[in-house]
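Structure, as structure tokens:
Residues: numbered from 1 along the sequence shown. Everything numeric in this text was worked out from a predicted model, so none of it was measured.
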Amino acid sequence: MSRGKLLQIKRKINATQSLKKITKAMEMVSTARIKKVEKRLQMAREFLNETKKIAARVHFEVKHPFVTGEGKKALVVIGTDMGLCGSFPTEIAKKAIYLDKKENFDQLYIVGAKIAPIFRSNPKVVRIYEHVYETPTFDFTKTLINDLLSNGVGTVKVVYGKFKNKLAQIPDVYVLTPIKAEESSREEPSEKGDRYEFEPAEENFQNSLVEFYASSVLYALAFETKISELYARQNAMRNATENAEEVVRLLTIEYNKARQASITQELIEIVTGADALKEE
């Protein structure tokens, strides 16, 4: 085998080792971010639970579109802004496309630059939110709720990344609205009624609470998707690192075989030349 071929294999080994360093570093970064986001996810869940406790003490009797369901049907798709997390963003997009074909929504709202190209040409898309947060914020979810209301939406479903466990992150569907009175009254029903006085007037209070509740749910779902994204990226980078190690191992074997063959060929040529000189 020629020296050029040996050099080519050596370059592949070096390139793969460099790639392995990058994937290993990205895995470590994802691991570090997971610890931070997990804490905030727990806070978001506790925040939602407290909001549910407040809502559980209120009979929603207002004619708010999120309670009545009157208005347009919208699908909110919460994806990712960053890639390198395997098929996770694509699976969320596929789930949303399937659900839209099945239920024929009037409007689509897309969150995440990574899934934006899949929906950009869809005429149902009202707005695409790209790079609006690194970690979810309540201000963003309030903005999204305001956009839904300003566009006459009454029924909302959300496709998001459900965190099942560290190795499994799956797309799921959450029915956000209409908010049913019986759902909001499951907890502590004995504390309802005239024991509470609301300020401002009860109708205004209920309208604000409905929107606050919807924002809180979206906030928790966005965090759920974020932690799923980070775990998906961690798993993808770990798999990439392991694959790179295997490629380096196979290329090293190939390189050693090629180098041995080259040395053997050179020895054969030397011995053949020596024998030819003896015969002369």
Side-chain angles (χ1 to χ4, degrees), residues 1-42 77-97 111-118 130-131 133-136 159-172 221-269:
M1 186 174 287
S2 66
R3 297 277 184 184
K5 186 66 175 178
L6 286 171
L7 184 59
Q8 185 179 6
I9 297 173
K10 189 66 175 176
R11 285 174 177 169
K12 286 182 180 178
I13 292 173
N14 292 337
T16 307
Q17 287 176 332
S18 298
L19 179 62
K20 187 183 75 170
K21 291 179 181 178
I22 294 172
T23 55
K24 184 64 176 178
M26 293 190 69
E27 179 189 347
M28 295 173 66
V29 169
S30 295
T31 302
R33 290 199 64 198
I34 283 171
K35 294 179 180 179
K36 294 180 180 179
V37 175
E38 274 185 334
K39 293 180 180 178
R40 297 190 64 182
L41 172 61
Q42 185 60 33
V77 187
I78 304 178
T80 68
D81 282 321
M82 304 295 291
L84 297 176
C85 46
S87 61
F88 178 68
T90 307
E91 292 301 321
I92 290 177
K94 286 181 179 178
K95 183 76 172 181
I97 292 169
V111 182
K114 198 62 183 177
I115 64 172
I118 301 174
E130 299 182 65
H131 301 289
Y133 58 76
E134 185 173 348
T135 54
V159 174
Y160 70 104
K162 183 177 181 180
F163 177 66
K164 190 174 182 180
N165 55 55
K166 293 181 179 181
L167 298 177
Q169 303 82 36
I170 57 175
D172 200 8
L221 295 181
F223 259 108
E224 191 93 8
T225 304
K226 190 64 181 181
I227 197 69
S228 297
E229 173 196 342
L230 292 173
Y231 270 111
R233 183 172 296 110
Q234 182 191 57
N235 295 333
M237 292 301 99
R238 183 185 297 114
N239 292 336
T241 301
E242 292 173 356
N243 290 338
E245 289 173 350
E246 179 63 13
V247 170
V248 169
R249 187 183 71 82
L250 294 176
L251 285 173
T252 301
I253 292 173
E254 183 182 352
Y255 178 82
N256 290 336
K257 286 181 178 179
R259 191 163 65 91
Q260 186 175 2
S262 179
I263 293 171
T264 302
Q265 181 63 35
E266 289 178 3
L267 289 173
I268 290 172
E269 291 174 359

Got [X] and [Y] here, is their nearest side-chain heavy-atom distance under 4.5 Å?
X: Thr225; Y: Ile92; result: yes
X: Phe88; Y: Lys114; result: no
X: Glu229; Y: Arg33; result: no
X: Arg249; Y: Glu246; result: yes

Exercise for review: Keeping to residues at least two apart or across chains, list the side-chain hydrogen bond (donor to acceptor under 3.5 Å, both in side chains) pairs with something in residues 11-24.
Suggested key: Thr23-Thr241
Which heavy atom of [X] sits nearest a heavy atom of [Y], and at what distance?
X: Ala96; Y: Val77; value: CB-CG2, 3.6 Å
X: Gly86; Y: Ala236; value: N-CB, 3.8 Å
X: Ile9; Y: Leu251; value: CG2-O, 3.6 Å
X: Leu41; Y: Glu224; value: CD1-N, 3.9 Å
X: Leu6; Y: Arg259; value: CD2-N, 3.5 Å
X: Ala232; Y: Cys85; value: CB-O, 3.6 Å

Review point. More than 12 foreign heavy atoms under 6.0 Å from CD of Glu242: is that the case here?
Key: yes
**Study point:** Other residues, nucleotides, ligands: >12 heavy atoms within 6.0 Å of Glu134 CD
**Key:** no
Exercise for review: State which residues pass ring-ring contact (aromatic ring centres under 6.0 Å, His included) with Tyr255; sequence neighbours excluded, sorted by chain then number.
Suggested key: none
Nearest-0.5 Å distance that lies between atom [atom1] in [X] and atom [atom2] in [Y]:
X: Lys166; Y: Ile227; atom1: NZ; atom2: CD1; answer: 10.0 Å
X: Arg233; Y: Leu84; atom1: CZ; atom2: CG; answer: 6.5 Å
X: Phe163; Y: Lys226; atom1: CZ; atom2: NZ; answer: 14.5 Å
X: Thr135; Y: Phe223; atom1: OG1; atom2: CZ; answer: 5.0 Å

Practice item. Ignoring hydrogens and angles, tell me if any N or O in the side chain of Asn235 forms a donor-acceptor pair with the backbone of Ala168 under 3.5 Å. Key: no
Check your understanding: Can any side-chain N or O of Thr80 pair as donor or acceptor with the backbone N or O of Gly112 at less than 3.5 Å?
Key -> no
Exercise for review: Go through the steps to decide whether Val111 and Tyr133 satisfy the test side-chain contact (heavy atoms from CB on, under 4.5 Å), and finish with yes or no.
Suggested key: CA-CA 10 Å; Val111 182; Tyr133 58 76; 3.8 Å; yes
With [X] via side chain to side chain donor-acceptor pair (under 3.5 Å) - residues at least two apart:
X: Thr90; answer: none
X: Tyr160; answer: none
X: Gln8; answer: none

**Study point:** Passing candidate, side chain to side chain contact (heavy atoms under 4.5 Å, CB included) with Thr31, options Arg238, Met237, Gln234
**Key:** Gln234
Exercise for review: Step by step, work out the side-chain contact (heavy atoms from CB on, under 4.5 Å) result for Ile170 and Glu91.
Suggested key: CA-CA 8 Å; Ile170 57 175; Glu91 292 301 321; over 6 Å; no
**Study point:** Residues Glu38, Lys35: salt bridge by 4.0 Å N-O rule
**Key:** no
Review point. Salt bridge between Glu254 and Lys257, side-chain N to carboxylate O under 4.0 Å?
Key: no
Check your understanding: Taking only residues two or more places apart in sequence, or in another chain, which ones meet Lys95 in a side-chain contact (heavy atoms from CB on, under 4.5 Å)?
Key -> Val159, Pro171, Val173
